[in-house]
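Within every chain, numbering begins at 1; the chains are lettered A, B, ... in the order of the sequence lines, protein sequences first and strands thereafter.
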Protein chains: 2
Amino acid sequence: MSRNNAGLSTERIITEALRIIDGQGLRRLTMRRLGDALNVEAMAVYHHFPLGKEQLFEAIVAYITDVTPSAASSEEEADTDQGESPAADPYRGMSAEVPWDERLRNWARAYRQALLRHSGALTLLINRRPDTPAATRSLELHYAAFHEAGLRGAAVVQASAVLDSYVTGAVIHEVREAGLAGAAPAVVDGRFPHVHRLDNVALDPDQRFEEGLEATLSALARDA
Amino acid sequence: MSRNNAGLSTERIITEALRIIDGQGLRRLTMRRLGDALNVEAMAVYHHFPLGKEQLFEAIVAYITDVTPSAASSEEEADTDQGESPAADPYRGMSAEVPWDERLRNWARAYRQALLRHSGALTLLINRRPDTPAATRSLELHYAAFHEAGLRGAAVVQASAVLDSYVTGAVIHEVREAGLAGAAPAVVDGRFPHVHRLDNVALDPDQRFEEGLEATLSALARDA
DNA sequence: ACCTGAACACCGTTCAAGT
DNA sequence: ACCTGAACACCGTTCAAGT
């Protein structure tokens, strides 16, 4: 029955790969395990990704980082829902009617959520080039918004880079700190008075992100 | 001659591992290759890192991210120079005599340089917890500086997180963009007018980092 | 204590073959 | 076109053994 034509597709492969990454970690994503999860021989994946695992990784990054609307404006049904909860609204509030700063906030929130949702794949982002169509759409959204804010030329590029840096860095910071939960309390002795004093200060991750976002955006807009 | 006691040490192993990472990439750092580079059987490394490759990775991250002075203040000879160029000055300008904002700038510059110098190991940073002694020293430096700037309580922790996020994110942004150099020019057609217009705008990476750093620091200090 | 060498259970990928 | 299955050249790690 499962002899031939198992209905494999790049989409199905990527989705299944992400399920493995999210559930077991990136290191346990092997071609053989991926084949098993797809009820297929491992080597079947190579027919859809001839360049092998590296090409699969690139496709995963492109899939994850796609957070901008690809069509005209809004009012469209999501034909390719990204996953489990249909309650969440992707691509919301990035169309031209929305004020520029709110558009950037919505992009930043969507991008953070996308990275957090598959934080096990975060490490794939670093070594891969940001030249996917989705990345270009994000760039266009950034440039249009900062242009509307009054920035021009190099300042626009600069602002976009800083915003992207903050969001990416904040997610990494959040993920690294979350890993601290089950660990030993670290050695905070007299040499670190400030750390000792503020050790029990806990911030809500969402609020922390929002505050940092506000600080970043206001600093960038002030140059206009 | 190379039968026994080959003079292995954790320091030598880490240094050699970084040489392989910097020269050939993280993927080519294997225990056997590392053993070869150390003129030793691969399994000898396990005597110094009993928990295997994961423990080695942690040590590498701790080694790389150590950018703060560990001793009292300054005026000390570097007994463990981090590598090639003795012209560079590690740990400069982070002592208490220096104004708080300049201390933070110097930390940010040193941290960026440390990450850039071994950008092939950047991916190791993400999944590992920031609870090394060096990381705690950086945190103490942050907290002390922002306290001096007038921030208190949660605002101090928040500011430190944002600063760390910016620097980490900026390095990742820089590394990803640098990978764009030899690639195809990407598809920038009529759908991306702003990207098209600003496509040839090139910023000096150092200047770009400095400007983003100023924007971030000024936004954080303004809350005082 | 420090290192060797064989062995085991995996990997990614190539290739010829099936349908 | 799409998938199989055997094979190859690697991996990380365990373990008993050497000195």
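- Atom CZ of Arg32(A) is separated from atom C1' of dT4(D) by 13 Å (rounded to the nearest Å).
- As judged by a 4.0 angstrom heavy-atom cut-off over every strand, Leu29(B) is placed among residues touching the sugar-phosphate backbone only.
- The environment of His48(A) atom NE2 is dense: over 12 non-hydrogen atoms of other residues, nucleotides or ligands sit within 6.0 angstrom.
- Distance CG (Leu38(A)) to P (dC3(D)): 10 Å, rounded to an integer number of Å.
- When rounded to the nearest whole Å, the span between CE of Met43(B) and P of dA6(C) equals 12 Å.
- Atom CG of Leu51(B) and atom P of dT14(D) are 9 Å apart (whole Å).
- A residue-by-residue look at Ala44(A) and Glu54(B) shows that Ala44(A) has its nearest nucleotide of DNA chain D further toward the 5' end.
- Checking dA9(C) for Watson-Crick or G-U wobble geometry (two distances, each under 3.5 Å) identifies no partner in any strand.
- Nearest heavy atoms, Ala121(A) versus Ile64(A): CB-CD1, 3.6 Å.
- Atom CZ in Arg27(A) sits roughly 14 Å away from atom P in dC10(C) (whole-Å rounding).
- Taking the six-membered ring for Trp and thresholds of 30 and 60 degrees, Phe209(B) and Tyr166(B) have nearly parallel ring planes, at less than 30 degrees apart.
- When the P atom of dA6(C) is taken as reference, atom CD of Glu41(B) falls 9 Å away, rounded to whole Å.
- Considering only side-chain N and O atoms, His48(A) lies under 4.0 angstrom from the phosphate OP1 or OP2 of dC3(D).
- Distance Ile13(A) CD1 to dC2(D) P: 11 Å, rounded to the nearest Å.
- Across all strands shown, dT19(C) is found opposite dA1(D) as a Watson-Crick or G-U wobble partner, with both distances under 3.5 Å.
- The distance between atom CE of Met31(B) and atom C1' of dC11(C), rounded to the nearest whole Å, is 16 Å.
- Here Arg117(B) does not pair with Asp22(B) in a salt bridge; the nearest charged N to carboxylate O distance is not below 4.0 Å.
- In terms of phosphate contacts, Tyr46(B) brings a side-chain nitrogen or oxygen within less than 4.0 Å of OP1 or OP2 of dT13(D).
- Comparing atom distances between the Thr30(A) side chain and each of dG12(C), dT4(C), dC3(D) picks out dG12(C) as nearest.
- The aromatic rings of Trp107(B) and Tyr111(B) sit parallel to each other, their planes meeting at less than 30°, with 60° as the upper class boundary.
- Taking side-chain N and O atoms only, Arg33(B) has a distance below 4.0 Å to OP1 or OP2 of dC11(D).
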